[in-house]
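All values below come from the heavy atoms of this structure, side chains included, with hydrogens, waters and symmetry mates left out. First the proteins, then the strands, lettered A, B, ... as listed; each starts at 1.
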Amino acid sequence: MSLEHLSIAQARKGLLNKEFSVRELTAYYLAKITRQNKILNAFISVAEEEALKTAALLDQKIATKQSLGELFGIPCGIKDLLLVKGQTATAGSKILADYQAVYDAEVVRRLKASDAVILGKNNCDEFAMGSSNETSAFGPVKNPWNLERVSGGSSGGSAVAVAADQCLFSIGTDTGGSIRQPASFCGVVGFKPTYGRVSRRGIIAMTSSLDQAGPIARTVEDAAEIFRVIAGQDTGDATTVNSPLPDLGDLAKSIRGLKIGLPKEYFNSGADAEAELAVKNAIEIFSKMGAEIKEVSLPRTSYGLAVYYILMPAEVSSNLARYDGLRYAHQAETARDLEEIYKLTRGHGFGREVKRRLLIGAYVLSAGQKDAYFAQAKKAQKLLAQDYANVFKEVDILLSPTTPAPAFKLDEKFNDPLTMYLADIYTVAVNIAGLCALSAPAGLTSSGLPLGLQLIGAPFKEEVILRAAYHYQHARSFPNCPFE
Amino acid sequence: MLSSEEVKKLASLVKISLTPEESDSLQKDVSSIVGYISKLQELKLADELITDDSAVDLVGLRSDWVIGIPIAEAKNLIKQAPRSEDNLISTKPIFNRAPRGTSG
């Protein structure tokens, strides 16, 4: 049996039928990473020894007929923003280049308990701040569909690793689109659960009120399966909710009568013609399946990005205060006293995008500006959430392009941060309003670049978008990434 | 446009050293972003009524609480610090910094 481009279900079948062992499957992905990483740079570190050791233990488990976890023998990558005990946790930053995690993130603990095999840590934008993976201190990640293009970000390494068949899935994080946008750029499925579904314990914080981990996978079924493993309340994260997990048992259940909303403001905002066409094609597919399509209005959509770029840097400036040169591995050697330790360590350790956001955060929270920016943004956030709540009284899900355009060229927007931020226009409001959303592959442009379709759901209605995405995925074919 | 003095003040607030080149380019970047986010001032929020509390609750900040961690884990955390002494993180002097170029 070929090991190329397997889904989790196919890999599980092969393992249970003894067509290949966990060790063979793990070795296949490790070899691919070794071969491709110099070009794609999707992994910052690879835990080869540990992964093979785990694989051998799991093979023993199946040989001795022990009970097997839900993700038994499934090799995965982990965005380097999550702690994996004993492995480096860099967050894509020079300031944490030598930092070793001393405990597992709750998501990682759950994956290990479900018998998944962790291959290593995926490259990402520094502290998850970026939309192109170019801010990583460990170099940019290249898009396997076109090596001159960005992977997207901030979970760029995760999306590329899945697209290039270096692992069966990866865990990313999404604060304003960081799972969905790279998934869209790389032609894979990216799923951001509702805030509060998945524990943030052991995830290096960027914007605590918006950050949420989720899967990047090859299929919707795979994403649903991973979600089932990682979701649930955690006493180590007080913001996780005690809400029952949705029933994901029958994604194939008909979507006849599903009410789909098209926010009119999303279609007058300068998206590429090909990105809009992909959504129109999806509308046709859903209509044929018996879904009801309806235009809806989200009147304050155009303010979403401004709200995000106030709230996010405000929390960034607070969360990153902990990198003081005292508690973590890196400290500026030339510093002579405490004040210099702070300033020089942070000055040397942080990259330009992080510094940019720290300054904006300090500005919007400063005594003279707080009411005009931060307080105003908090109020606007409530109104945006209210707009969505009103729309979800009329429809079950919303559709939009995931991004206004396919992957852009490396360096094209790197020195123009505002243009880079505008690439997040369709994704940020989902986080601000506390919703769930998924990006599914929606076709290729005429130049062969993937496009994504975003399905947005009401809070804690993950099963509705997963079911709709499942039907969409099965109604149209999408090619595997040809990169070898 | 933010002045270079304002950028220096912000850098001092967030405790980062900036090279002159960084300072110049960040002055330009931050000014352009502040210009963009200022569009939020157009939104007349005082006139808006927030009627749906359930939507508001979903995005309200919720508090974290502290849980204990095993001693061994705490020791390992301290080992990650660049300097430690007797299981405590240590630092260079906090007070009495001598100006650069002088001794004592």
Without swapping roles, check the side chain of [X] against the backbone of [Y] for a donor-acceptor pair under 3.5 Å.
{"X": "A/Gln376", "Y": "B/Leu40", "answer": "yes"}
{"X": "B/Gln80", "Y": "A/Gln100", "answer": "yes"}
{"X": "B/Ser17", "Y": "A/Lys343", "answer": "yes"}
{"X": "A/Arg346", "Y": "B/Lys15", "answer": "yes"}

Answer with side chain, backbone, both or neither: which region of [X] has an atom nearer than 4.5 Å to a non-hydrogen atom of chain B?
{"X": "A/Glu353", "answer": "neither"}
{"X": "A/Ile341", "answer": "side chain"}
{"X": "A/Leu422", "answer": "side chain"}
{"X": "A/Asp416", "answer": "neither"}
{"X": "A/Leu305", "answer": "both"}
{"X": "A/Ala101", "answer": "neither"}
{"X": "A/Tyr421", "answer": "side chain"}
{"X": "A/Ser366", "answer": "neither"}

Give me the atom names and distance for the closest heavy-atom approach of [X] to [Y].
{"X": "B/Ala81", "Y": "A/Leu326", "value": "CB-O, 3.2 Å"}
{"X": "A/Gly325", "Y": "B/Pro82", "value": "O-CG, 3.5 Å"}
{"X": "B/Val14", "Y": "A/Ala362", "value": "CG1-CB, 3.6 Å"}
{"X": "A/Tyr303", "Y": "B/Lys39", "value": "CE2-O, 3.6 Å"}
{"X": "A/Ala380", "Y": "B/Leu43", "value": "CB-CD2, 3.9 Å"}

Item checked: Spacing of CG belonging to A/Leu418 relative to CD1 belonging to B/Ile33, to within rounding of 0.5 Å -> 6.5 Å
Margin query: Distance check, rounded to the nearest 0.5 Å: B/Lys9 atom NZ versus A/Leu359 atom CG?
Written below: 13.0 Å
Note to self: Shorter than 4.5 Å, heavy atoms on both sides: which option in A/Tyr328, A/Tyr342, A/Phe350 has the most such pairs with chain B?
What the structure shows: A/Tyr328
Item checked: Option that, when pairs with chain B are counted at under 4.5 Å, heavy atom only, ranks first among A/Lys85, A/His330, A/His348, A/Arg356 -> A/Arg356
Checklist line | N-O pairing of B/Lys92 and A/Asp337 below 4.0 Å | finding: no
Margin query: Using a 6.0 Å cut-off, check whether atom CD of A/Glu333 has over 12 heavy atoms from anything other than its own residue.
Written below: no
Check: Would you say B/Glu85 has more than 12 foreign heavy atoms packed within less than 6.0 Å of its CD?
Finding: no
Using heavy-atom distances under 4.5 Å, tell me whether [X] contacts chain A through its side chain, its backbone, both, or neither.
{"X": "B/Glu73", "answer": "both"}
{"X": "B/Leu2", "answer": "side chain"}
{"X": "B/Leu26", "answer": "side chain"}
{"X": "B/Thr19", "answer": "neither"}

Checklist line | side-chain contact (heavy atoms from CB on, under 4.5 Å) between A/Arg352 and B/Asp29, worked out | finding: CA-CA 10 Å; A/Arg352 188 164 148 190; B/Asp29 293 349; 3.0 Å; yes
Check: Side-chain contact, heavy-atom cut-off 4.5 Å: B/Asn76 with A/Tyr103?
Finding: no
Next item on the list: Check the pair A/Lys355 / B/Leu18 against side-chain contact (heavy atoms from CB on, under 4.5 Å), numbers first and verdict last.
Entry: CA-CA 9 Å; A/Lys355 289 176 183 170; B/Leu18 296 177; 3.9 Å; yes
Check: What's the verdict on side-chain contact (heavy atoms from CB on, under 4.5 Å) for B/Leu10 and A/Ile360, showing C-alpha distance, side-chain angles and the deciding distance?
Finding: CA-CA 8 Å; B/Leu10 292 173; A/Ile360 297 166; over 6 Å; no
